[in-house]
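Just so it is clear, the values below take in all heavy atoms, side chains as well, and ignore hydrogens, waters and symmetry mates. In this text the structure is predicted, and so the values were computed from the model without any measurement. Letters A, B, ... mirror the listed sequences (proteins, then strands); counts begin at 1.
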Amino acid sequence: MSLLSPLRHSPQSEAELLAQAQQLAGYSLGELAAMANLPIPPDLKRDKGWIGVLLEIWLGASAGSKPEQDFAALGVELKTIPVDRNGRPLETTFVCVAPLTGNSGVTWETSHVRHKLKRVLWIPVEGERTIPLAERHVGAPLLWSPSVEEEHQLRMDWEELMDLIVLGQVERITARHGEVLQLRPKAANSKALTEAIGTHGEPILTLPRGFYLKKNFTAALLAQHFLL
DNA sequence: TCTTGATCATGC
DNA sequence: GCATGATCAAGA
């Protein structure tokens with residue numbers, strides 16, 4: 001038998017990655033943090049990415065800020081997802097920042113959204129705020145790729161949103177656009193601005209935006225897994 | 001109650 | 001400011 005310990009190397013195969021992720025299921029965040037010698041914050045208010053960092057350590061992801069997939073050699077992205085007692089998502093899922101300029105000729109096929117979501121290791125984690133952070137449990141992982149239908153849904157929304165961005169309508173886009181993919185602010189605060197295209201084609205400064213998966217989409221893909 | 005819009009930490 | 005990791009919390 002072997003004691004559970006963080007992967008000290010990048011996993012060499014999907015099988016190795018998935019096996020390690022499956023080993024984590026059932027443990028609490030407190031247990032995993034202790035074994036990894038990672039301090040536990042009192043809550044996530046000032047450490048929103050803490051769970052993601054913890055699981056990156058355990059799974060041997062190249063931690064930190066690299067503009068590539070978590071497991072580049074495997075082409076796999078890691079996403080933790082907070083869920084309620086029934087396994088339903090409590091939050092939307094950030095995918096990537098939306099390019100607001102320089103989009104001539106960009107297509108779904110070459111988009112960052114499609115690339116990010118090509119293969120994702122989803123790890124559900126208990127997220128109800130009534131549960132102390134250290135006592136929240138990690139769930140069973142799901143190694144996922146979009147089905148034909150899912151990719152179609154994503155592409156439709158992405159094309160609608162990108163059309164609006166290219167046509168200078170970015171400031172008229174709200175989180176209500178899109179069935180499964182939405183565009184929302186993604187910034188340090190409301191004073192962080194970036195360049196975009198205005199109504200008359202002129203450069204404007206606006207809030208950076210990100211693509212997010214809506215809860216109905218992630219709920220469905222998780223449910224499919226657990227109801228098999 | 002739930003979603004939308006806003007925000008937090010960190011490294012470069 | 002942008003990239004990584006996301007959740008918070010006001011208001012509908």
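Side-chain atoms of A:Lys79 lie closest to C:dA6 of the nucleotides C:dA9, C:dA6, C:dG1. If you check C:dC8, C:dT7, C:dA6 against the side chain of A:Pro82, the one that comes closest is C:dT7. Of the listed nucleotides (C:dT4, B:dA6, B:dG5), B:dA6 has the atom at the smallest distance from the side chain of A:Tyr212. Distances were taken from every side-chain heavy atom of A:Glu77 (C-beta onward) to each of B:dC8, C:dG5, B:dT4; the shortest belongs to C:dG5. Residue A:Asn189 places its side chain closer to B:dT7 than to any other of B:dT4, B:dT7, B:dT3. In this structure, of C:dT4, B:dA9, B:dG5, it is B:dG5 that holds the atom nearest to the side chain of A:Arg176.
Residue A:Lys214 places no side-chain N or O under 4.0 Å from the OP1 or OP2 atom of B:dT3. Contact between the side-chain N/O atoms of A:Thr93 and the OP1/OP2 oxygens of C:dA6 is not found at any separation under 4.0 Å. In this structure, A:Thr80 reaches the C:dA6 phosphate: one of its side-chain N or O atoms is under 4.0 Å from OP1 or OP2. Side-chain nitrogen and oxygen atoms of A:Ser190 include none within less than 4.0 Å of the OP1 or OP2 phosphate oxygen of B:dG5.
The distance from atom CH2 of A:Trp122 to atom P of C:dG5 is 12 Å, rounded to the nearest whole Å. Between A:Leu54 atom CG and B:dA9 atom P the separation is 19 Å, expressed in whole Å. Atom pair A:Arg209:CZ and C:dG1:P shows a separation of 14 Å (rounding to whole Å applied). If you take NZ of A:Lys191 and P of B:dT7, they are 7 Å apart, rounded to a whole angstrom. Nucleotide B:dG5 holds its P atom 10 Å from the NE2 atom of A:His177, rounded to whole Å. The distance from atom CD1 of A:Ile51 to atom P of B:dC8 is 19 Å, rounded to the nearest whole Å. If you take CD of A:Gln182 and P of B:dC2, they are 16 Å apart, rounded to a whole angstrom. In this structure, A:Glu68 atom CD and C:dG5 atom P are separated by 10 Å, rounded to whole Å.
Within 4.0 Å of A:Gly52, counting heavy atoms only, lie sugar-phosphate atoms of the nucleic acid but no base atom. Heavy atoms of A:Arg184 sit under 4.0 angstrom from at least one base atom. Residue contacts shown for A:Leu193 are limited to sugar-phosphate atoms, with no base heavy atom under 4.0 Å away. Residue A:Leu207 is in sugar-phosphate contact alone, with no base atom involved, counting any heavy-atom pair closer than 4.0 Å across all strands shown. No engagement by A:Gln69 is indicated, since no non-hydrogen atom pair under 4.0 Å with the nucleic acid exists. Across all strands, A:Asp70 comes closer than 4.0 Å only to sugar-phosphate atoms, never to a base (heavy-atom distances).
Looking at heavy atoms from C-beta onward, A:Trp144 lies out of side-chain contact with A:Arg119 at the 4.5 angstrom threshold. Annotation: side chain of A:Glu150 is in contact with side chain of A:Leu221 (closest heavy-atom distance under 4.5 Å).
Judged by distance alone, with hydrogens and angles left aside, A:Lys186 brings a side-chain donor or acceptor within reach of the base of C:dG5, the pair sitting under 3.5 Å. Contact annotation: side chain of A:Lys215 to base of B:dT3, donor-acceptor pair absent below 3.5 Å.
When each of A:Leu90 and A:Asp47 is assigned the nucleotide of DNA chain B bearing its nearest heavy atom, the one mapping closer to the 5' terminus is A:Leu90. Map A:Lys116 and A:Arg129 each onto its nearest nucleotide of DNA chain C; the residue landing nearer the 5' end is A:Lys116.
Taking every heavy atom of both residues into account, A:Trp58 and A:Leu32 meet most closely at NE1-O, 3.0 Å. Considering all non-hydrogen atoms of both residues, A:Leu207 and A:Ala192 come closest at CD1-O, 3.5 Å.
Between A:Leu78 and the choices A:Leu121, A:Val120, A:Leu17, the side chain to side chain contact (heavy atoms under 4.5 Å, CB included) rule is met once, by A:Leu121.
In the displayed structure, A:Lys116 atom NZ is contacted under 6.0 Å by more than 12 heavy atoms of other residues, nucleotides or ligands. The neighbour count for A:Glu179 CD, taken as heavy atoms of other residues, nucleotides or ligands under 6.0 Å away, does not exceed 12.
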